[in-house]
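All remarks here apply to the structure that follows.
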Amino acid sequence: MRRRGRSLRVGLIVEVEAYDGPRDLACHASRGRTARTEVMFGPAGHAYVYLVYGMHHCLNVVTGPEGYPAAVLIRALALDPQDGDEAGQAARAAAGPGRLTRWLGVARAQNGADLCDRSGPLWIEASGPPAPKAIVTGPRIGVDYAGRWAARLWRFGIAGHPALSVPFARKKRGAGPARG
DNA sequence: GTCCGGATCTTT
DNA sequence: AAGATCCGGACA
């Protein structure tokens, strides 16, 4: 949930990635505790927002116990249909970590925001539809540099959801599709 | 101070 | 297939 003045934007989280602690080479905190990663070392439930590629912001939820840097990257939201012009466009407006921060209007000003505070500018609540049974997993996106950590299946999504950012490789079936 | 490269998206 | 675009982190 994102509130700016009188406007409220609501999305359902449909895709995430886990970044787990100082040993995970894909986790920013693996290079030590710095000003940027500071909030990841703080208490869980706060927002870790950073800039990638010089142009896109990414929104993470700090998850570990205090002092242990871990976070979950929110990669895609499904939108309330009334928030989009057209059903098809709404489905993709927040598909992808950079897209969703743009759609929410989240940037570094929201770094450290308390995501459990429903009276704040940005928060998460468990008020959506029941958790889906079918969750698909895959390797995290864009972290090939992370050695063996890149192979961990730490990307999670709701199976078949139209708002997923990048397709999940399907289970082998005959001549398995090499993802292209 | 300087340099390098990225948890992406859009356009060709 | 490649450009946009800039900060954080590593080195000096």
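Numbers restart at 1 for each chain; the letters A, B, ... are given by sequence-line order, proteins then strands.
For the contact set between residues 142-152 of chain A and DNA chain B, defined by any heavy atom under 4.0 Å, the members are A/Gly142, A/Val143, A/Tyr145. Applying a 4.0 Å cut-off to non-hydrogen atoms, none of the residues of residues 34-48 of chain A approaches DNA chain B.
Between the CZ atom of A/Arg33 and the P atom of C/dG9 there is a distance of 13 Å, given to the nearest Å. A straight line from CH2 of A/Trp103 to P of B/dC9 spans 15 Å, rounded to a whole angstrom. Atoms CG (A/Leu153) and C1' (B/dA7) sit 16 Å apart, rounded to a whole Å. Nucleotide B/dA7 holds its C1' atom 14 Å from the CG atom of A/Leu25, rounded to whole Å. Rounded to an integer number of Å, the gap from A/Leu164 CG to B/dA7 P is 21 Å. The distance from atom CG of A/Leu51 to atom P of C/dG8 is 8 Å, rounded to the nearest whole Å. Regarding A/Arg140, its CZ atom lies at a distance of 12 Å from the P atom of B/dT8, rounded to whole Å. Here the C1' atom of nucleotide C/dC6 and the NE2 atom of A/His56 are 12 Å apart, to the nearest Å.
The aromatic ring centroids of A/Tyr50 and A/His28 lie less than 6.0 Å from each other.
One P atom belongs to B/dT2, the other to C/dT5, and the distance between them is 23 Å to the nearest Å.
Smallest separation of non-hydrogen atoms from A/Leu59 and A/Leu122: CD1-CD2, 4.1 Å. Across all their heavy atoms, A/Ala71 and A/Thr63 have their closest contact at N-OG1, 3.6 Å. The heavy-atom pair separating A/Leu164 from A/Arg92 by the smallest distance is O-NH2, 3.3 Å. Heavy-atom minimum distance, A/Val39 versus A/Val62: O-CG2, 3.5 Å.
Using bins of under 30°, 30° to 60° and over 60° for the plane-to-plane angle, the ring pair A/Trp154/A/Trp149 lands in the tilted bin.
Taking a pair to require two hydrogen-bonding distances under 3.5 Å in either a Watson-Crick or a G-U wobble arrangement, C/dA10 pairs with B/dT2. Across all strands shown, B/dT8 is found opposite C/dA4 as a Watson-Crick or G-U wobble partner, with both distances under 3.5 Å.
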Salt bridge (Lys or Arg N to Asp or Glu O under 4.0 Å) between A/Asp24 and A/Arg140, intermediate numbers included: CA-CA 12 Å; A/Asp24 174 6; A/Arg140 293 173 291 179; 2.7 Å; yes
Evaluation steps, side-chain contact (heavy atoms from CB on, under 4.5 Å), between A/Arg108 and A/Leu51: CA-CA 8 Å; A/Arg108 287 217 301 248; A/Leu51 184 66; 4.2 Å; yes
Test log, rule side-chain hydrogen bond (donor to acceptor under 3.5 Å, both in side chains), inputs A/Glu66 and A/Tyr68: CA-CA 6 Å; A/Glu66 199 159 347; A/Tyr68 184 86; over 6 Å; no
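At a threshold of 4.5 Å between non-hydrogen side-chain atoms, the residues A/Ser165 and A/Arg155 count as touching.
Nucleic acid contact class of A/Gly98 (heavy atoms, under 4.0 Å, all strands): sugar-phosphate only.
Side-chain proximity of A/Arg99 to the nucleotides B/dA7, B/dC9, C/dG9 is greatest for B/dC9. The side chain of A/Met55 has C/dT5 as its nearest neighbour among B/dC9, C/dT5, C/dG8. Relative to the side chain of A/Arg75, the nucleotides B/dT8, B/dT10, C/dG9 differ in distance, and B/dT8 lies closest.
At a cut-off of 3.5 angstrom, counting only N and O atoms as typed in the model, there is no donor on one side facing an acceptor on the other between the side-chain of A/Tyr53 and the base of C/dA4.
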